Amino acid sequence: MAENEAIAAAFADGPAFIPYLAVGDPDYEASKAYVEALARGGADIIELGLPFSEPIAEGSTIQNAIVRALEGGMTPDRFFEFVEELDVDVPLVCMTYYNLIYQYGRSRGGEPGPEAFVERAAEVGISGFVVPDLPAEEADPLRAACDEHGLDLVFIVAPTTEGDRLEEMMERVSGYVYVQARLGTTGAKTDVSDQTTRSLQRLAEWDVPKAVGFGISSGDQAARIVANGADGIIVGSALVDIVAAGVNSERPVDETAEKLAAKARELAAGTREGAARRNADIADADSA
Amino acid sequence: MAENEAIAAAFADGPAFIPYLAVGDPDYEASKAYVEALARGGADIIELGLPFSEPIAEGSTIQNAIVRALEGGMTPDRFFEFVEELDVDVPLVCMTYYNLIYQYGRSRGGEPGPEAFVERAAEVGISGFVVPDLPAEEADPLRAACDEHGLDLVFIVAPTTEGDRLEEMMERVSGYVYVQARLGTTGAKTDVSDQTTRSLQRLAEWDVPKAVGFGISSGDQAARIVANGADGIIVGSALVDIVAAGVNSERPVDETAEKLAAKARELAAGTREGAARRNADIADADSA
Amino acid sequence: MSTDGKFGDYGGQYVPEALMPAIEELDDAYQRYVLDNEDGFMDEFRQRLADFGGRPTPLQRADRLSERYDLDVYLKREDLLHGGAHKLNNALGQVLLAKYMGKDRIIAETGAGQHGTATAMAAAHLDMPCTIYMGERDINRQRPNVFRMKLNGSDVKPVTAGRGTLKEAISETMRDWAATVESTHYVIGSVVGPHPFPAMVRDFQAVISEEAREQAHEKLGGLPDSVIACAGGGSNTMGAFANFVDDDSVDLYAVEAGGSSLAVDEEAGVAPNSASLSTGDEGVLHGARTKLLQDSVGQIMESHSISSGLDYAGVGPELAYLVDEDRVTPVAVDDDAALEGFHRLSQTEGIIPALETAHAFGYLEEHHAELSGSVIVNVSGRGDKDLQSAIEETEAREIPNAPDMSMFSEGI
Amino acid sequence: MSTDGKFGDYGGQYVPEALMPAIEELDDAYQRYVLDNEDGFMDEFRQRLADFGGRPTPLQRADRLSERYDLDVYLKREDLLHGGAHKLNNALGQVLLAKYMGKDRIIAETGAGQHGTATAMAAAHLDMPCTIYMGERDINRQRPNVFRMKLNGSDVKPVTAGRGTLKEAISETMRDWAATVESTHYVIGSVVGPHPFPAMVRDFQAVISEEAREQAHEKLGGLPDSVIACAGGGSNTMGAFANFVDDDSVDLYAVEAGGSSLAVDEEAGVAPNSASLSTGDEGVLHGARTKLLQDSVGQIMESHSISSGLDYAGVGPELAYLVDEDRVTPVAVDDDAALEGFHRLSQTEGIIPALETAHAFGYLEEHHAELSGSVIVNVSGRGDKDLQSAIEETEAREIPNAPDMSMFSEGI
Ligand SMILES: Cc1ncc(COP(=O)(O)O)c(C=O)c1O
Ligand SMILES: Cc1ncc(COP(=O)(O)O)c(C=O)c1O
């Protein structure tokens with residue numbers, strides 16, 4: 001199984017801060033400014049959502065972002081263009097639903113199947129995928145295409161994922177696992193579930209990085225989660241909320257970008273802070 | 001079986017013109033003027049409708065008259081008062097539905113049954129009854145009360161009445177039979193059905209007077225029907241139409257009364273004319 | 001019933017002479033086809049009720065109501081009959097009979113439209129031209145039912161006379177019939193009118209209790225202790241009672257619409273209820289002697305109920321007789337109790353009853369403590385037709401178990 | 001079906017990881033209770049379908065249509081099922097299954113409200129708290145159904161996200177389920193979604209063809225030549241086909257909504273039809289691989305039909321498979337033909353069908369000459385819910401057999 005080097009590098013020197021935004025929300029240009037703001041704010045990896053019309057795994061925050069992006073004219077080809085034009089220096093992970101990946105070949109006159117999509121993604125500089133509606137059992141064709149192009153395939157591990165299913169997933173995962181902090185769909189929440197801790201324990205035996213997402217909205221939370229052992233934190237809705245607020249209050253794009261950068265800085269700092277605490281704990285434990 | 005003398009007298013010197021009006025239409029005083037106008041116009045007998053809330057045997061013309069009369073406050077007791085006060089010199093027949101006849105005793109604190117109603121009717125000078133929803137089979141109590149007070153009970157013979165039913169009816173009838181000119185309910189029509197002729201033939205063997213009604217609206221028709229052998233003609237809707245027109249155009253009561261009198265004169269004249277023609281025919285036949 | 005069309009002193013044939021041949025002809029057809037199954041009429045009727053109507057309807061144990069009332073409550077599910085009410089049993093029977101009689105046209109009157117829709121369905125099914133008279137005001141209040149009749153190919157004739165409601169429609173239908181008796185059959189919608197209608201409609205509806213009695217033997221191992229049915233004209237009532245009348249151990253309850261009050265307003269000629277069995281006096285209406293809501297001189301009173309199908313001043317003569325004989329217990333529940341029954345059955349058993357039917361459940365809710373053992377309630381119809389009224393009437397009152405319906409305050 | 005939840009390449013479980021345990025648990029329950037009748041589950045299900053639902057529903061010969069088309073037309077009368085459509089077969093099965101699984105809460109999404117009302121009824125009947133998600137726009141278009149759900153005690157939650165229609169309601173229900181899988185069962189309304197739903201819903205609906213097959217033996221003396229059913233998600237379709245699939249002599253027709261045209265508007269992302277079997281491509285939607293209406297890059301297209309119950313961009317994976325295998329013939333009729341079918345059945349047989357069902361009759365009207373012998377048409381539901389749309393849509397067109405509806409131009 002290939003491992004994408006850029007992603008591996010992002011986790012190499014400590015826990016990673018991984019923000020998410022829906023690409024094209026609310027339009028192409030603004031969206032570019034927002035993603036670049038995240039990079040500026042300290043993102044180690046960025047998850048770029050390619051909007052699908054039926055986002056069954058999303059909370060309403062991201063669902064609304066997707067509706068805005070689609071209304072703004074986002075398509076797979078525009079998405080690739082977007083990535084190509086993007087001026088950032090961090091690895092990019094494409095988060096989308098399987099039907100868009102599967103149909104892309106056909107849209108270019110070929111057969112349906114993931115190869116064409118992955119090839120094009122690799123071309124524009126994508127480093128990996130998260131596909132929330134693709135279970136490990138159905139993932140072999142996409143896994144194979146990723147391997148061919150040196151891309152990672154990230155799976156989401158739910159609090160309820162265990163036993164055989166977990167095995168199957170861990171056999172196919174690369175880059176990092178997306179540890180779902182709690183049941184439910186995406187959406188900013190203030191509590192940090194101790195389901196997270198249990199999940200991290202269950203995953204301890206595998207040495208792939210574990211990035212925790214779902215409901216993280218503050219630097220504080222990020223710090224606590226990383227202190228608890230996470231190798232990364234993924235933040236989506238809390239950032240999309242800023243974009244949505246900007247849209248609703250018709251704020252200028254650069255102001256919203258600045259707010260996003262600030263939030264990213266807070267979260268990145270929280271991530272480092274958590275890492276420091278954890279190292280201190282380990283040091284404590286060592287010295288005890 | 002009693003025979004009411006006044007009614008017998010009305011048929012004694014030739015065919016009778018028998019108009020109908022709903023009492024109290026559109027109000028007590030106007031109604032009195034209208035009935036008196038009919039008498040003035042040459043009525044030989046007058047049928048006075050006591051309005052019942054569910055007049056199932058009436059056409060819409062008379063149904064609407066009944067609604068007006070009820071809204072004008074007509075009740076059985078007001079009806080009797082009306083008859084008592086009426087200044088006309090022709091026999092009066094009360095036309096109403098059986099429930100009003102049946103309940104009157106109870107309304108005066110006694111038992112239900114026709115006696116009280118008939119007694120009171122006799123008192124105020126009614127000479128007979130027509131009860132369109134009372135079949136001969138159910139008529140014995142009313143017949144008995146009529147006999148006691150010397151009142152007639154008129155039955156309606158439909159074009160379809162024959163055999164045993166006709167026998168039963170003819171056994172109980174007195175005064176005259178109401179020969180229904182055609183199927184259907186009351187209402188002014190211009191054609192004179194030849195069902196009438198057949199009905200008259202069927203009834204020939206009984207010597208009770210045969211008055212034809214349902215749909216007669218002109219002196220001409222009256223003449224033809226009487227010429228065909230009828231002993232009387234009954235006219236309701238054509239007269240009620242005049243009352244209704246008066247109500248609708250808010251015509252003064254005396255004008256409407258005058259129109260009614262004029263119509264009555266036309267119909268009475270038609271009746272005499274028919275009688276003359278029949279006598280001539282008979283004379284012709286005799287001389288042939 | 002004696003053969004002269006009387007139930008004690010009730011019943012008879014108080015109709016205009018012009019209609020007598022028609023009802024005599026009908027009586028003859030009733031005797032031959034219905035009572036004697038001539039030409040296999042009843043077999044065809046039963047087969048069509050099964051295939052077209054969906055009979056037998058279930059006798060369902062209502063587990064949750066049984067628990068609530070500490071009774072064995074069984075529901076006879078006439079709401080599942082095609083059209084959504086017991087009305088089709090009768091309409092199909094009469095339209096088929098008209099065919100056997102060689103008639104080529106059907107007329108009927110309808111108030112709320114339930115009988116009209118049932119007749120229109122039966123007429124379409126049997127390819128009989130059909131005219132339905134309906135008061136103009138009722139047409140405006142019951143548009144979905146009017147539309148259903150038209151969809152089924154019936155000619156709906158608005159009656160503008162008088163107040164434009166059921167009574168004027170009845171007169172208009174009589175008028176049509178009086179003029180067309182030879183070709184036309186008048187389908188009366190309940191166990192009312194002149195003989196043979198009360199007996200014939202009862203016999204068509206008796207399939208309800210015929211099935212229920214058999215189903216009770218299967219499910220309860222014997223007879224129920226009581227049978228409860230709402231009563232307007234009384235056709236679902238007589239249908240539900242007929243095969244239990246001779247079982248003296250079975251108590252029969254006819255639940256009338258108590259409206260807003262059992263007292264009457266003589267002055268206005270209005271009875272704010274439709275409880276003719278409970279409060280009416282003997283009299284003659286629409287062709288039969290029966291118990292009526294009338295004022296002291298015998299004018300028929302305007303009745304009232306939130307359920308238009310119970311809103312009638314008369315009642316079937318046989319029911320009047322059975323009440324006088326103490327065989328049937330007449331009871332009444334008011335509009336509020338009926339709405340409570342409506343919500344109770346909807347919430348507790350997942351069955352939304354017609355507002356007519358809801359009276360039976362209102363009675364159960366209020367009086368279950370007086371009952372014991374097993375009870376069959378006749379679910380005479382479903383409530384889809386009543387959603388709008390149920391919202392409005394519920395909003396106008398304090399019904400303890402009503403759901404929050406604020407979102408519907410502007411109508412559905 | 002193979003045991004991995006696939007029908008050929010179709011089907012599968014394309015769901016967020018958080019739901020996998022729930023659908024694995026459900027799959028286990030499906031195997032045990034439904035397939036192996038553990039604890040007598042299927043016996044209780046069948047008994048409740050009979051008593052509460054009114055099964056069996058008749059297989060009725062449609063005499064007048066048979067004559068018109070020179071065929072033996074038989075109607076499988078699912079319109080007589082409690083609630084007025086086949087939907088209850090599935091809803092009752094799933095709510096009961098949830099009870100057996102020890103769940104204490106039910107959720108469902110609904111578009112037109114048919115599945116929601118069926119679920120609300122079943123939940124009331126079985127005393128299960130129930131939440132129904134429904135797009136805000138759909139709520140406003142389907143108020144009577146919303147009211148029925150509330151009357152049955154369900155909590156109807158308006159979904160305001162996006163356009164406020166079915167797709168947003170589905171997402172919202174998924175969201176609820178993802179957060180509450182342990183206590184809650186999600187009742188999917190058709191043979192769609194991840195395994196085991198397509199197989200399980202088919203098995204609950206298969207009672208339709210189980211009965212029909214037996215009834216055909218009684219009434220036709222053998223198998224029918226064809227079975228016709230409308231197809232949205234395809235649950236009434238698979239229910240009507242399931243027990244005939246192995247009978248090669250029986251032709252199976254799935255009638256889809258052809259809408260206004262079978263062509264698509266890529267630009268607008270709109271397919272003015274819902275004919276995914278006839279015109280769709282393979283893809284992944286709502287948890288399963290199946291045939292879909294999608295644009296060239298794989299975004300799901302907005303579908304269209306006058307019947308909201310057919311208005312869905314996907315279709316059950318098993319149907320997609322049976323079409324690829326040439327076992328099921330996919331056909332489509334347009335809105336006009338569906339309305340003609342609607343009026344035809346109403347006028348000719350006295351049965352007002354749902355607009356969904358009307359597509360099957362539109363097909364019969366247009367293509368009867370291509371059929372021969374005996375045909376069973378599945379009358380998946382009754383049209384009471386559709387009266388308003390039927391008026392509006394009929395008025396907007398030239399439908400040859402439409403009745404005069406001018407009196408309804410201001411609505412019913
Ligand atoms: C459902 C239902 N139940 C009862 C009635 C009352 O009629 P009856 O007393 O004749 O059964 C009606 C009349 O429309 C009705 O629709
Ligand atoms: C009466 C009726 N028929 C058919 C359908 C379409 O669903 P399916 O294709 O799952 O049977 C619906 C959906 O609401 C319906 O209500």
Side-chain angles (χ1 to χ4, degrees), chain A residues 50-61 63-64 66-67 70-71 74-79 96-109 112 117 131-138 155-166 169 178 180 182-187 214, chain D residues 4-6 9 11-25 159-163 166-168 170-184 193-195 266 269 281-290 292-302 313-314:
Chain A
L50 162 56
F52 178 54
S53 54
E54 320 292 312
I56 58 171
E58 313 300 344
S60 53
T61 306
Q63 182 175 28
N64 286 332
I66 286 172
V67 170
L70 287 172
E71 281 170 357
M74 189 41 57
T75 65
D77 279 327
R78 292 281 283 160
F79 175 84
T96 194
Y97 286 76
Y98 193 57
N99 200 48
L100 293 187
I101 296 175
Y102 184 74
Q103 302 300 336
Y104 191 70
R106 172 154 52 204
S107 80
R108 318 208 85 190
F117 190 91
V131 190
D133 69 340
L134 185 68
E137 291 83 346
E138 304 285 352
F155 285 105
I156 299 173
V157 171
T160 45
T161 310
E162 39 189 42
D164 288 353
R165 293 203 40 71
L166 185 56
M169 213 174 268
Y178 185 142
Q180 183 176 329
R182 52 172 175 74
L183 283 179
T185 45
T186 56
F214 271 54
Chain D
D4 62 353
K6 293 283 177 68
D9 283 339
Q13 302 181 312
Y14 293 81
V15 296
E17 180 55 28
L19 295 179
M20 286 304 284
I23 64 178
E24 286 185 341
E25 184 191 350
V159 177
T160 52
R163 293 191 193 79
L166 179 61
K167 57 196 274 181
E168 290 83 12
I170 292 176
S171 297
E172 192 70 32
T173 319
M174 292 265 185
R175 217 166 281 156
D176 180 322
W177 204 30
T180 59
V181 276
E182 275 154 36
S183 64
T184 298
H195 177 76
E266 268 270 344
D281 295 313
E282 189 198 340
V284 174
L285 175 66
H286 292 148
R289 182 181 296 239
T290 185
L292 308 179
L293 300 180
Q294 52 188 331
D295 67 14
S296 62
V297 301
Q299 302 287 10
I300 307 308
M301 282 201 278
E302 242 185 87

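In what follows, chains are A, B, ... by sequence order, proteins preceding strands, each numbered from 1. All figures in this text were calculated on a predicted structure; none of them were measured in a lab.
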Handout entry: Contact class of Tyr98(A) relative to chain D, heavy atoms under 4.5 angstrom
Key = side chain
Practice task
Please look at Pro51(A) and chain D and tell me whether the side chain, the backbone, both or neither of the residue comes under 4.5 angstrom of a heavy atom of that chain.
Solution key: backbone
Problem - Heavy-atom contact with chain A under 4.5 Å, split by part of Val15(D) - result: backbone
Practice task
Heavy-atom distances under 4.5 Å only: say whether Val181(D) touches chain A with side chain, backbone, both or neither.
Solution key: side chain
Handout entry: Flag, side chain of Arg106(A) to backbone of Ser296(D), donor-acceptor distance under 3.5 Å
Key = no
Problem - Glu302(D) side chain near Ser53(A) side chain, heavy-atom distance below 4.5 Å - result: no
Problem - Lys/Arg-Asp/Glu bridge criterion (N-O < 4.0 Å) met for Lys6(D), Glu138(A) - result: yes
Handout entry: N/O donor-acceptor pair under 3.5 Å between Asn99(A) side chain and Gly298(D) backbone
Key = yes
Practice task
Calculate, to the nearest 0.5 Å, the distance between atoms CG and CZ belonging to Leu285(D) and Phe52(A) respectively.
Solution key: 6.0 Å
Handout entry: chain D contact via Thr75(A) - which portion, at a heavy-atom distance below 4.5 Å
Key = neither
Problem - Non-hydrogen side-chain atoms of Tyr178(A) and Glu17(D) separated by less than 4.5 Å - result: no
Exercise for the section: Using non-hydrogen atoms and a 4.5 Å limit, figure out which bit of Ile101(A) sits close to chain D: side chain, backbone, both or neither. Expected result: neither
Handout entry: Proximal component of Pro132(A), with respect to chain D [non-hydrogen, under 4.5 Å]
Key = backbone
